[in-house]
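Single-structure report; data block below.
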Amino acid sequence: MTSRYGRLDRLLARQLVISRAQVRPLLASGRVLLNDRAARHADVRVGPFDSVSVDGAVLQQGMARRYLMLHKPAGIVSATSDPQHRTVMDLVHDSRFAAMADVLHIAGRLDATSTGLMLLTNDGQWSRTLCDPANGLAKYYRVDLARPVTEADVRAFADGMAFPYEGITTRPAGLQPLPGCRARVTLVEGRYHQVRRMFVRCGNQVLALHREAIGPWPLPDDLLPGQVRALADPEQLFHAAARPDPDTGAYEQ
Ligand code: URA
């Protein structure tokens, strides 16, 4: 995949049609502004969200970063387009955010029958940070099951499960039994049908799966199925993640 980030001196040389040797004194003079601050280093990385100007003339207008949250209803496909089914992007197109729909991608899919919180953005670095298991950002699910959870299931989730066909072992996952045939699951990764397959391995079956929260963002009570909203404070991704109340299992709103 080609990176949309490149060195500042290359951008200046290309846009101003000058040599890289000519770029150096230009940078030293302080006439180049990167995001409204004098930029003096040739090798600084510049991406699509950065603005660059020289003597007030704009060479690159930084794109606005976009972050949305969406309450996915059952039956909607987590895809940008689908020949047969309605997609989460169709929901964005039908919302007041329609104008930005074409630049967005999905940060963490849900199965077609799953419901709950999805995040969409045009910021690839942000979504990679969100989805990279190494960053330990928890995704919280509530599941309805065919049978109650057992102590052995809780241990199996915590130990990690091997799926030899894919050559993977799942990272330690949280499994909190709830009254009846319900449970809360906490994952830091998003393998294909992961929650459903882990319960099949336990001899159980997921009847309904709902994502309650991603990291610091709970699904707001007043964001109804099918609704879309701007995500407040996307930088929270880089701070502490929300944790459910250990007694009630609820998230602070
Ligand atoms: N795990 C699943 O099996 N399905 C989802 O939609 C999300 C996590």
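Both ligands and their constituent atoms are indexed starting at 1 by order of listing.
- To the nearest 0.5 angstrom, I214 atom CD1 is 4.0 Å from L117 atom CG.
- Side-chain contact check for E189 and Q194: at least one donor-acceptor pair (N or O, by modelled atom type) lies under 3.5 Å.
- No continuous path of hydrophobic side-chain contacts links V188 to L137 [ILVMFWY only; heavy atoms under 4.5 Å].
- Residue-ligand proximity, S114 to ligand 1, at heavy-atom distances under 4.0 Å covers atoms 4 (N), 5 (C), 6 (O).
- With 3.5 Å as the limit, one finds a donor-acceptor pair spanning the side chains of D82 and H85.
- Only the side chain of L209 comes within 4.0 Å of ligand 1, judged by heavy-atom distances.
- Checked against a 3.5 angstrom limit, the closest N/O atoms of Q194 and ligand 1 fall inside it.
- Atoms of ligand 1 lying under 4.0 Å from any heavy atom of L110, numbered from 1 in the order shown and given with element: 6 (O), 7 (C).
- Protein heavy atom in closest approach to atom 4 (N) of ligand 1: D111 OD2, 2.7 Å.
- Residues V58 and V23 fall into different hydrophobic clusters, defined by Ile, Leu, Val, Met, Phe, Trp and Tyr side chains chained together at heavy-atom separations under 4.5 Å.
- Ligand 1 has a nitrogen or oxygen under 3.5 angstrom from a nitrogen or oxygen of R196.
- Side chains of T113 and R196: a donor-acceptor N/O pair is present below 3.5 angstrom, by distance only.
- Taking only non-hydrogen atoms, the option from V200, V206, V195 nearest to atom 1 (N) of ligand 1 is V195.
- For the pair Y192 and ligand 1, no heavy-atom separation below 4.0 Å is found.
- Considering both main-chain and side-chain atoms, H193 comes within under 3.5 Å of ligand 1 through a nitrogen or oxygen pair.
- For the residue pair H105 and S127, a side-chain donor N or O sits within less than 3.5 Å of a side-chain acceptor on the partner.
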